Peer 1: 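This is the structure I have questions about; it appears just below.
Nothing here was measured: the structure is a model prediction, and the numbers come from that model.
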Amino acid sequence: MVPADYISLATALADTAGAVIRPLFRVVPAAEDKADDSPVTIADRGAERAMRALLRERVPEHGIIGEEYGTINPDAEWVWVLDPVDGTRAFITGRPVFGTLIGLLHRGRPVLGVIDQPVTGERWIGVAGAPTRFTSRFGGRAGVRACPRLELAELSCTSPEIFTTPPQQQALARLQKAARRTSWGGDCYGYGLLALGQIDIIIEPGLKIWDWAALAPVIAGAGGHLVDWRGRALTPDSDGNVLAVGDAALLEPALKLLA
């Protein structure tokens, strides 16, 4: 059971990050390249600093894992996992398909997740054991759609460039051939669309814990599944190869193609 205060805190964290990010959207903030060649902006860093400050004020005994500023107290019972701007490339090019990710681990298991799109005002809140909640001025509700066969499935991935090894590239090619069609782009926003029944399957390699911790409760609460390429639940020790499906009927055939 996730305490109601922690759910309220997660929404406050999303509000806090959004207040930093929105004024910088399409202002073209200067981006720097990190050691892994991924870009980072003042929006990423400012939003994470603001969220960390709120956590230190409200729950100083909790741990934090953040993309920009590292880890503190990782062995705590409750650990917050922060990705202030998931999809920085989209952000710096003015496309509103990025998001803020806020996850909460309880003894290493993801039990609470928020996907927040601070420009469009869309927000997904997933809590272990409860249906995912979606709020948006555009309307809609969370829930995956029925898609009983791979040949009917809409496949989505952030970019073909992230499949860097021959086995990863071959796995992607097999799944693309089996699916109805493939769309590119979206980062965490794509997983939100899967939770709304707009996309049926997503595969990505090399995700870090801050990329997926918030997604797991959102996808599960919408009726979907988020696993590694062997079908196992994601943990802090996972290899980062992620498969998300809406309809459970897609899980076994997709895993066979990824093997």
Peer 1: Judged by modelled atom types alone, do Tyr69 and Arg49 share a side-chain donor-acceptor pair under 3.5 Å?
Peer 2: yes

Peer 1: State, to 0.1 Å, how close Pro236 and Gly108 come at their nearest heavy-atom pair, and which atoms those are.
Peer 2: CD-O, 3.5 Å

Peer 1: Return the minimal non-hydrogen interatomic distance between Glu57 and Pro60, and the atom names on each side.
Peer 2: O-CD, 4.2 Å

Peer 1: Less than 4.5 Å apart, any side-chain heavy atom of Arg232 and any of Val227?
Peer 2: no

Peer 1: Assess the residue pair Trp212 and Val81 against the criterion (side chain to side chain contact (heavy atoms under 4.5 Å, CB included)); give the C-alpha distance rounded to whole Å, side-chain angles, the decisive distance to 0.1 Å, and a yes or no.
Peer 2: CA-CA 9 Å; Trp212 62 258; Val81 186; over 6 Å; no

Peer 1: Following the transitive rule for hydrophobic clusters with a side-chain heavy-atom cut-off under 4.5 Å over Ile, Leu, Val, Met, Phe, Trp and Tyr, establish whether Trp210 and Phe98 coincide in one cluster.
Peer 2: no

Peer 1: Return yes when atom CZ of Arg174 has more than 12 non-hydrogen atoms of other residues, nucleotides or ligands closer than 6.0 Å, and no otherwise.
Peer 2: yes

Peer 1: Would you please classify the geometry between the Phe25 ring and the Phe91 ring as parallel, tilted or perpendicular, with 30° and 60° separating the classes?
Peer 2: tilted

Peer 1: So how far is it from Ser159 OG to Asp187 CG, rounded to the nearest 0.5 Å?
Peer 2: 9.0 Å

Peer 1: Can you check whether Leu234 reaches Leu226 side chain to side chain, under 4.5 Å on heavy atoms?
Peer 2: yes

Peer 1: I need the Leu82 CG to Glu68 CD distance, nearest 0.5 Å.
Peer 2: 10.5 Å

Peer 1: Are Ile72 and Ile209 linked, directly or through other ILVMFWY residues, by side chains that come within less than 4.5 angstrom of each other?
Peer 2: no

Peer 1: Between Thr158 and Glu204, do the side chains contain a donor N or O and an acceptor N or O under 3.5 Å apart?
Peer 2: yes

Peer 1: Using atom types as modelled and distance alone, determine if a side-chain donor or acceptor of Asn241 lies under 3.5 Å from a backbone N or O of Asp228.
Peer 2: no

Peer 1: Do Gln168 side-chain atoms and Thr164 backbone N/O form a donor-acceptor pair below 3.5 Å?
Peer 2: yes

Peer 1: Once you round to the nearest 0.5 Å, how far does CG of Leu152 lie from CZ of Arg181?
Peer 2: 10.5 Å

Peer 1: Treating Thr132 as the side-chain partner and Val218 as the backbone partner, does any N or O pair qualify as donor plus acceptor under 3.5 Å?
Peer 2: yes

Peer 1: Would you say that Leu104 contacts Val79 through its side chain, given a criterion of any heavy-atom pair below 4.5 Å between the two side chains?
Peer 2: no

Peer 1: Arg26 side chain to Gly94 main-chain N or O, any donor-acceptor pair under 3.5 Å?
Peer 2: yes

Peer 1: Same cluster or not: Leu101 versus Ile92, using hydrophobic residues (I, L, V, M, F, W, Y) connected whenever any side-chain heavy atoms lie under 4.5 Å apart?
Peer 2: no

Peer 1: Group every Ile, Leu, Val, Met, Phe, Trp and Tyr by side-chain heavy-atom contacts under 4.5 Å, then state whether Leu257 and Leu250 land in the same group.
Peer 2: yes

Peer 1: Answer yes if Leu207 and Leu172 sit in the same cluster of Ile, Leu, Val, Met, Phe, Trp and Tyr residues linked by side chain heavy atoms under 4.5 Å apart, and no otherwise.
Peer 2: no

Peer 1: Which of these passes side-chain contact (heavy atoms from CB on, under 4.5 Å) with Ile42: Val20, Leu24, Val27?
Peer 2: Leu24

Peer 1: If we ignore hydrogens and angles and just use 3.5 Å, is the side chain of Thr71 paired with the main-chain N or O of Pro74 as donor and acceptor?
Peer 2: no

Peer 1: Got a second to check how far Arg133's CZ is from Trp124's CH2, nearest 0.5 Å?
Peer 2: 14.5 Å

Peer 1: So Val245 and Leu194, side chain to side chain contact (heavy atoms under 4.5 Å, CB included) or not? Walk me through it.
Peer 2: CA-CA 8 Å; Val245 300; Leu194 186 145; 5.7 Å; no

Peer 1: Do Leu112 and Leu105 make a side-chain contact, defined as non-hydrogen atoms from C-beta onward lying under 4.5 Å apart?
Peer 2: no

Peer 1: Do Asp86 and Thr100 pair up side chain to side chain, a donor and an acceptor below 3.5 Å, judged on atom types alone?
Peer 2: no

Peer 1: Could you tell me whether Glu67 and Lys208 have a side-chain N and a carboxylate O separated by less than 4.0 Å?
Peer 2: no

Peer 1: Taking only residues two or more places apart in sequence or in another chain, which ones pass side-chain hydrogen bond (donor to acceptor under 3.5 Å, both in side chains) with Glu122?
Peer 2: Thr120, Tyr189

Peer 1: Under the 3.5 angstrom rule, does the side chain of Gln169 hit a backbone N or O of Phe163 as a donor-acceptor pair?
Peer 2: yes

Peer 1: Checking Trp229 side chain against Val242 main chain: does a donor-acceptor pair fall under 3.5 Å?
Peer 2: yes

Peer 1: Could you walk me through whether Thr93 and Arg89 pass the side chain to side chain contact (heavy atoms under 4.5 Å, CB included) check?
Peer 2: CA-CA 6 Å; Thr93 53; Arg89 288 179 177 86; 5.6 Å; no

Peer 1: Under the criterion side-chain contact (heavy atoms from CB on, under 4.5 Å), which of Leu13, Thr11, Ile115, Leu9 is the partner of Ile102?
Peer 2: Leu13

Peer 1: At what distance, to the nearest 0.5 angstrom, does OG of Ser156 lie from CD of Gln198?
Peer 2: 11.5 Å

Peer 1: Taking Ser238 for its side chain and Gly240 for its backbone only, find out whether a donor-acceptor pair lies under 3.5 Å.
Peer 2: no

Peer 1: With a 6.0 Å cut-off (strictly less than), is the heavy-atom count around CD of Glu61, excluding the residue itself, greater than 12?
Peer 2: yes

Peer 1: Determine whether Leu175 and Ile203 make a side-chain contact, defined as any pair of heavy atoms from C-beta on separated by less than 4.5 Å.
Peer 2: yes

Peer 1: Show your working on side chain to side chain contact (heavy atoms under 4.5 Å, CB included) between Ile21 and Val85 and close with a plain yes or no.
Peer 2: CA-CA 8 Å; Ile21 294 166; Val85 180; 3.9 Å; yes

Peer 1: Determine, for Asp239 against Arg230, whether the closest basic-nitrogen to carboxylate-oxygen distance falls under 4.0 angstrom.
Peer 2: no

Peer 1: State, to 0.1 Å, how close Leu150 and Ala254 come at their nearest heavy-atom pair, and which atoms those are.
Peer 2: CD1-N, 4.1 Å

Peer 1: Under 4.0 Å between a Lys/Arg side-chain N and an Asp/Glu carboxylate O for Arg180 and Glu151?
Peer 2: no

Peer 1: Taking atom CD1 of Ile199 and atom SG of Cys147, what is their separation to the nearest 0.5 Å?
Peer 2: 12.0 Å

Peer 1: What closest approach, in Å, do Gly224 and Val144 show between heavy atoms, and which atom pair accounts for it?
Peer 2: N-CG1, 3.8 Å

Peer 1: Heavy atoms only: give me the nearest Gly139-Phe134 pair and the separation to one decimal.
Peer 2: O-CE2, 3.4 Å

Peer 1: Check this for me: does any side-chain nitrogen of one of Arg145 and Asp247 sit under 4.0 Å from a carboxylate oxygen of the other?
Peer 2: no

Peer 1: Taking the side chain as everything from C-beta on, heavy atoms only, tell me whether Ser136 gets closer than 4.5 Å to Arg123.
Peer 2: no

Peer 1: Heavy-atom distance under 4.5 Å between the side chains of Cys188 and Leu215, does that happen here?
Peer 2: yes

Peer 1: Grab the two heavy atoms, one from His225 and one from Gly246, that are nearest each other, plus how far apart they are.
Peer 2: CD2-O, 4.2 Å

Peer 1: Between the side chains of Asp5 and Ser8, does any donor sit under 3.5 Å from an acceptor?
Peer 2: no

Peer 1: Is any side-chain heavy atom of Pro160 less than 4.5 Å from a side-chain heavy atom of Trp184?
Peer 2: yes

